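A short worksheet on the structure shown next.
From a predicted model like this one, the values you see are computed outputs, not experimental measurements.
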Amino acid sequence: MAGESKADGGSIRSAIRWGLVLAAVATFGFRLPRLVHEMRAWRGAVQLGDTSGAEGLRTFVVADSIGLLVVLAFGVVIYFVLRPRSTSQP
């Protein structure tokens with residue numbers, strides 16, 4: 001009985017682990033095209049010499065980049081924190 005509950009706990013832990021990693025990667029993949037679009041718009045504004053527009057777009061690019069990195073880092077940290085614990089062998 002004790003082995004079954006431990007296996008179920010590991011199964012639930014593994015499901016949560018992989019679910020959070022997949023959610024982080026999906027969020028990263030969903031928001032990446034918008035970041036690329038904003039970066040292209042920022043570079044275009046810089047090339048045109050629109051300093052106020054370029055500064056505003058730069059702020060969006062930096063904020064979205066930091067947000068994406070935080071989401072990805074959160075997913076990776078949770079992935080390693082919830083990894084199965086190794087059993088010590090006698």
Please tabulate, for the side chains in residues 48-55, all donor-acceptor contacts under 3.5 angstrom to protein atoms that are two or more places apart in sequence or on a different chain.
| from | atom 1 | to | atom 2 | distance (Å) |
| --- | --- | --- | --- | --- |
| Asp50 | OD1 | Gly53 | N | 3.3 |

What donor-acceptor contacts under 3.5 angstrom involve side-chain atoms of residues 63-74, with partners at least two apart or in another chain?
| from | atom 1 | to | atom 2 | distance (Å) |
| --- | --- | --- | --- | --- |
| Asp64 | OD1 | Arg31 | NH2 | 3.2 |
| Ser65 | OG | Val61 | O | 2.7 |

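For Arg40, the side chain to side chain contact (heavy atoms under 4.5 Å, CB included) partners are Val36, not counting sequence neighbours. Contacts of Tyr79 classified as ring-ring contact (aromatic ring centres under 6.0 Å, His included), with partners at least two apart in sequence or in another chain: Trp18. Remark: Arg43 engages no residue in a salt bridge (Lys or Arg N to Asp or Glu O under 4.0 Å) (not counting sequence neighbours).
Of all heavy-atom pairs between Gly75 and Ala24, the closest is CA-CB, 3.8 Å.
Here Thr27 contributes atom OG1 and Leu32 contributes atom CG; the two are 12.0 Å apart, rounded to the nearest 0.5 Å. Rounded to the nearest 0.5 Å, atoms CD1 (Ile78) and CZ (Arg17) are 11.0 Å apart.
Leu20 and Ile12 fall within a single hydrophobic cluster, where Ile, Leu, Val, Met, Phe, Trp and Tyr are joined by side-chain heavy atoms under 4.5 Å apart, directly or via other members.
With a 4.5 Å cut-off between side-chain heavy atoms of Ile, Leu, Val, Met, Phe, Trp and Tyr, the cluster of Phe30 takes in none. In the hydrophobic clustering, where aliphatic and aromatic side chains (Ile, Leu, Val, Met, Phe, Trp, Tyr) are joined below 4.5 Å either directly or transitively, Val77 groups with Val81.
Pairs passing the ring-ring contact (aromatic ring centres under 6.0 Å, His included) check and including a residue from residues 32-64, sequence neighbours excluded, do not occur.
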